Amino acid sequence: MPSTNQDQRLPAGFFTRDVETVARGLIGTVLLVDGVGGMIVETEAYDAGDPASHCFRGPTARNASMFGAPGHAYVYRSYGIHWCLNFVCLTASGVLIRALEPTVGLDRMAERRGTAELRRLCAGPGRLCQALGIDDRLDGHALDLPPFELRPAERIARVSAGPRIGVSRGVETPWRFCLDGSRFLSRPAARSAGS
DNA sequence: GAGGCGATTGGCT
DNA sequence: GCCAATCGCCTCG
């Protein structure tokens, strides 16, 4: 029988590599929360010593999860309104999940988002958290335990790199990664950078 | 303690 | 394209 990624998991140690490698490697991975979600098509890397990172100025109550073990979630409130999901990697580095291609539980996501417009269900860090029902209850939660479920990419993804969105410092660092040609990005990809 | 600014989004000019 | 919403954290006094 041909195998699918239906019951596979990310390899142990996936999150204990440099954060840029993890951010790029997450493109094509399937993320589900309580069985609802889709394929990751856009990520950004942030590391310690990175002026754009919440960790740049050291630990606070908000970013405590980022200083914990790799392979856990860091969920923070953005602009006092939205939630944003990160995957914690080594030494206070992490990957912001910016967009999914919705594949599983479309009805549930549409209900939470208040729209059925597929293209915008999960196109943006705040939107995907709303669609998947993610809030601070999942801050610090292990990514290999329910309600999280992560499945490896089925194919090698073509990925482009470009500057991160919405940052005022570290603006040159090309640590935003997008699935080439995806219609589900939060914004168009930077012009043909990376591979 | 006060004022300003976000790893954003949706609605309106 | 511009702007408000809304709150935790930073800077400055």
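Chain letters run A, B, ... following the sequence lines, proteins first, then strands; residues in each count from 1. Small disclaimer: the values here were computed from a predicted structure and weren't measured.
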- Message: Against A:Val41, only a single residue in A:Ser186, A:Ser182, A:Cys122 fulfils side chain to side chain contact (heavy atoms under 4.5 Å, CB included); can you say which?
- Response: A:Ser182
- Distance-only, no hydrogens or angles: does the A:Asn63 side chain make a donor-acceptor pair with backbone N or O of A:His54 under 3.5 Å? yes
- Message: From the set B:dA7, B:dT9, C:dC10, return the single nucleotide nearest to any side-chain atom of A:Met66.
- Response: B:dA7
- Item | Rounded distance in Å - CG (A:Leu121) to P (B:dT8) | 19 Å
- Task: Starting from the 5' end of DNA chain B, give me the residue, A:Arg113 or A:Leu85, whose nearest nucleotide shows up first.
- Result: A:Leu85
- Message: Please report the distance, rounded to the nearest Å, between OH in A:Tyr76 and P in C:dT6.
- Response: 19 Å
- Note on the structure: Under a 3.5 Å limit on both distances, the Watson-Crick or wobble mate of B:dA7 is none
- Item | A:Glu44 CD to B:dT8 C1', straight-line distance once rounded to whole Å | 12 Å
- Task: Spell out, yes or no, whether A:Met39 and A:Phe148 are grouped together once hydrophobic residues are joined by side-chain heavy atoms under 4.5 Å, including indirect joins.
- Result: yes
- Message: Nearest whole Å is fine: how far is C:dC7 C1' from A:Tyr79 OH?
- Response: 13 Å
- Item | Joint hydrophobic cluster, A:Val19 plus A:Ile165, side-chain heavy atoms closer than 4.5 Å | no
- Are A:Arg164 and A:Tyr46 in a cation-pi contact, defined as NZ or CZ under 6.0 Å from the six-membered ring centre and within 45° of the axis? yes
- Of the nucleotides C:dC9, B:dT9, C:dA5, which one has an atom closest to the side chain of A:Ile81? C:dA5
- Message: I need the CG-C1' distance between A:Leu128 and B:dT8, as an integer number of Å.
- Response: 12 Å
- pair_partner(C:dT11), Watson-Crick or wobble, both distances < 3.5 Å, evaluates to B:dA2
- Could you please name the option among C:dC10, B:dT9, C:dT6 that lies closest to any side-chain atom of A:His82? B:dT9
- Atom CG of A:Asp47 and atom P of B:dA7 are separated, to the nearest Å, by 15 Å
- Item | Whole-Å gap separating C1' (B:dA7) and CH2 (A:Trp83) | 15 Å
- Would you confirm whether A:Asp34, through its side chain, and A:Pro147, through its main-chain N or O, come within 3.5 Å as a donor-acceptor pair? no
- C:dG8 phosphate, OP1 or OP2, under 4.0 Å from A:Arg57 side-chain N/O: no
- Task: Could you measure between the two C1' atoms, the one in C:dG1 and the one in B:dA7, and give it in whole Å?
- Result: 22 Å
- Given B:dA7, is OP1 or OP2 found less than 4.0 Å from the side-chain N or O atoms of A:Arg77? no
- Query: A:Arg164 near the nucleic acid: base, sugar-phosphate alone, or nothing, with a heavy-atom cut-off under 4.0 Å?
  - Reply: nothing
- Message: What contact category does A:Ser168 fall into here, base, sugar-phosphate, or nothing, at under 4.0 angstrom with non-hydrogen atoms?
- Response: sugar-phosphate
- Message: From CG of A:Leu185 over to P of B:dT8, roughly how many Å is that when rounded to an integer?
- Response: 15 Å
- Query: Taking the same atom, P, in C:dA5 and in B:dT13, what whole-Å distance lies between them?
  - Reply: 14 Å
- Under 4.0 Å between a side-chain N/O of A:Arg120 and OP1 or OP2 of B:dT9, yes or no? no
